[in-house]
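These values consider heavy atoms only, across backbone and side chains, with no hydrogens, waters or symmetry-generated copies. Counting starts at 1 for both ligands and their atoms, in listed order.
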Amino acid sequence: MADGEEALAAVILAAGAGSRMRSELPKVLHPVGGEPMIAHVLALARAAGAARIVVVVGHGGDEVARRLTDLPLKDAPVASAADRAPSGAGAGGARCAPKPAEPEIVWQREQRGTGHAVAMAAPLLADFPGDVLVLYGDTPLIRPETVRAMQDTRKAGHAVVVLGFHADEPGGYGRLVRGADGTLERIVEARDASPEERAIPLCNSGVVLAPARLLFDLLSTLDDDNAAGEIYLTDIVAAARARGKSAAVVLCPETETLGVNTRADLARAEAAFQARRRQELLEAGVTLVAPETVFLSRDCEVAADALVEPFVVIGPGVRIGPGAHIRSFSHLEGCTIGPGATIGPHARLRPGAHIAAGARVGNFVEIKNAEIGEKAKVNHLSYVGDASVGEAANIGAGTITCNYDGVMKHRTEIGPRAFIGSNTALVAPVSVGAEAMTGSGSVITEDVPEGALAIARARQVTKPGLARRLMARLRALKVARTRQREG
Ligand code: UD1
Ligand code: MG
């Protein structure tokens with residue numbers, strides 16, 4: 001928190017049933033950009049500097065709570081990955097920042113409206129010495145800049161700040177009723193609105209910023225005397241005004257406030273999210289040959305002068321260094337790619353793959369939890385898992401690390417400048433020393449010392465002329481059988 005800035009807590013509403021998704025999965029766990037929607041909202045709360053984050057759960061609450069506990073770990077860069085960060089991929093600053101707030105869970109057993117949902121956080125936040133930002137778990141596209149604009153408006157002296165937008169089709173949204181001076185007087189829900197009020201195009205996003213003490217105090221005074229029979233969060237505006245407090249609206253584009261209620265909304269949210277991330281990468285100096293075919297995650301970092309060919313998925317936890325070249329149909333998750341490395345086409349990098357500068361990972365290669373050293377090559381048809389490959393080593397086509405014995409995983413260590421012959425099976429745990437070689441088709445079950453050549457396959461036997469004699473015998477046999485059948 002910078003000097004003079006209000007302390008901030010966030011309340012994320014995620015108790016609704018989400019029945020229109022027609023899903024067994026709680027709505028806020030449906031993914032956008034490869035991550036649950038609520039992870040985006042959590043990231044927003046953290047980016048806004050929230051010192052406390054309270055998530056209100058109800059329907060599917062156990063599952064939401066469980067996912068939330070493992071999200072922060074996945075979110076934060078793991079130490080080893082950060083150490084190996086390709087230069088220029090950025091984000092070093094994240095490690096200097098204060099520890100991000102862990103989400104605290106509160107239950108709303110019965111869904112009695114948005115105001116009731118926020119009030120569930122009162123036992124945790126009623127005395128919080130700062131502001132509360134209310135966010136929805138199913139509205140994943142709001143930007144930190146937008147929250148900052150709301151914070152600025154709070155600093156300008158308004159007690160309650162509401163995020164609004166001009167809707168193309170205002171439909172069921174709450175309408176923002178402003179006074180002659182432009183400040184907010186009240187919010188009226190569509191189903192409670194008069195025809196004149198329904199004609200107002202300015203709508204409520206649901207995002208609210210207010211001092212904690214005032215917010216919970218106002219909530220405690222509200223009733224459910226409305227068309228829905230619910231306690232409306234939106235009623236705090238009129239209640240604040242009645243106490244002589246001012247309320248204001250901050251506007252944002254409608255795409256930011258897109259809330260997900262149906263699978264069609266989810267597809268729209270994905271499209272809007274991807275469009276935004278692609279634009280950000282283009283502006284940061286990344287070449288996307290066909291941006292509309294590249295799928296990105298919220299947290300992926302791609303350095304300037306990386307080149308991404310058409311049809312690539314860059315999932316969560318990916319960091320790509322400058323000048324790296326990601327060729328078509330590659331799928332990347334939880335990996336780092338060093339400067340000038342080449343990946344694909346058709347490569348799959350799974351979590352824990354660390355590809356050093358100038359290395360090459362070619363077609364139909366899968367790498368998981370493995371370090372590939374500088375300028376090493378794994379060019380064709382290989383699986384490298386739970387392994388380390390030294391610099392400038394060459395992994396031949398069809399090499400497989402046999403890392404799994406059906407119960408446990410084991411490591412394979414390959415030294416610098418080693419040469420692994422095509423179609424080698426490396427039965428882990430096993431090591432191949434620096435500058436050692438394996439013969440093609442070997443099944444390596446014992447360690448190979450530095451500089452040694454290991455061949456582990458049956459010796460070849462060659463019989464001169466046997467192929468021709470064998471063919472002649474087979475042809476004669478066929479002729480004899482045909483005659484027998486016909487005569
Ligand atoms: C709400 C706003 C409306 C605004 C719209 C924007 C109120 C009364 N209305 O309406 O002005 O235009 O959002 O999308 O606030 N939730 C709970 N517990 C509850 C009820 C809701 O956790 O008891 C959660 C839902 O899971 C959802 C969010 O709060 O994430 C909004 O609830 P929803 O029922 O969608 O509100 P709307 O009727 O859309
Ligand atoms: Mg809604």
Quick one, Ile326 with Ile320, criterion side chain to side chain contact (heavy atoms under 4.5 Å, CB included). Give me CA distance, side-chain angles, the key distance, then yes/no. CA-CA 9 Å; Ile326 316 299; Ile320 298 176; 4.1 Å; yes
Run Arg241 and Thr183 through side-chain hydrogen bond (donor to acceptor under 3.5 Å, both in side chains) and show every step you take. CA-CA 10 Å; Arg241 294 295 297 236; Thr183 62; 3.0 Å; yes
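Salt bridge Glu189/Arg191: absent, no basic N to carboxylate O contact under 4.0 Å.
Counting only heavy atoms of the protein, atom 14 (O) of ligand 1 lies nearest to Tyr173 CE2, 3.8 Å. Taking atom 20 (C) of ligand 1 as the reference point, the nearest protein heavy-atom neighbour is Gly113 C, 3.6 Å. Scanning the protein for heavy atoms near atom 18 (N) of ligand 1, the closest one is Gln108 OE1, 2.6 Å. When only non-hydrogen protein atoms are considered, atom 32 (O) of ligand 1 lies nearest to Thr114 CG2, 3.7 Å. When only non-hydrogen protein atoms are considered, atom 35 (O) of ligand 1 lies nearest to Asn261 OD1, 4.7 Å. For atom 27 (C) of ligand 1, the nearest protein heavy atom (residue, atom name, distance) is Asp138 OD2, 3.8 Å. When hydrogens are left out, the protein atom nearest atom 13 (O) of ligand 1 is Tyr136 OH, 3.2 Å; that is the closest non-hydrogen contact. Ranking protein heavy atoms by distance to atom 12 (O) of ligand 1, first place goes to Asn204 O, 2.6 Å.
For the pair Ala15 and ligand 1, the shortest N or O to N or O distance falls below 3.5 Å. Checked by distance only, ligand 1 and Gly174 come closer than 3.5 Å through their nitrogen or oxygen atoms.
Put simply, the side chain of Lys27 never gets that close to the backbone of Asp138: no donor and acceptor are under 3.5 Å apart. Remark: the backbone N or O of Ala190 is paired with a side-chain donor or acceptor of Arg198 at under 3.5 angstrom. At distances below 3.5 Å, not a single donor-acceptor pair connects side-chain atoms of Thr139 with backbone N or O atoms of Gly259.
Evaluated for a side-chain contact (heavy atoms from CB on, under 4.5 Å) with Leu233, the options Val208, Asn204, Ile187 yield exactly one hit, Val208.
Other residues, nucleotides and ligands place no more than 12 heavy atoms under 6.0 Å from the CG atom of Asp225.
For ligand 1 and Leu13, the ligand atoms under 4.0 Å from any heavy atom of the residue are 22 (O), 24 (C), 29 (O), 30 (O). Residue Ala117 approaches ligand 1 through these ligand atoms, each under 4.0 Å from one of its heavy atoms: 17 (C), 18 (N), 22 (O).
The backbone of Arg112, and not its side chain, has at least one atom closer than 4.0 Å to an atom of ligand 1 (non-hydrogen atoms only; backbone = N, CA, C, O). Residue Ser205 touches ligand 1 through its backbone alone, judged by heavy-atom distances below 4.0 Å.
For atom 29 (O) of ligand 1, the nearest protein heavy atom lies closer than 4.0 Å. There is a protein heavy atom closer than 4.0 angstrom to atom 9 (N) of ligand 1. Counting protein heavy atoms under 4.0 angstrom from atom 23 (O) of ligand 1 gives one or more.
The distance from the OG1 atom of Thr287 to the CG atom of Leu282 is 8.0 Å, given to the nearest 0.5 Å. The OG atom of Ser23 sits 9.5 Å away from atom CG of Leu266, with the distance rounded to the nearest 0.5 Å.
A cation-pi contact, defined as under 6.0 Å to the ring centre and within 45° of the axis, links Arg278 to Phe295.
Using 4.0 Å as the threshold, Glu189 has a heavy atom nearer than that to some atom of ligand 1. Heavy-atom separations between Thr234 and ligand 1 include at least one value shorter than 4.0 Å.
A heavy-atom distance below 4.5 Å is found between the side chains of Leu8 and Gln151.
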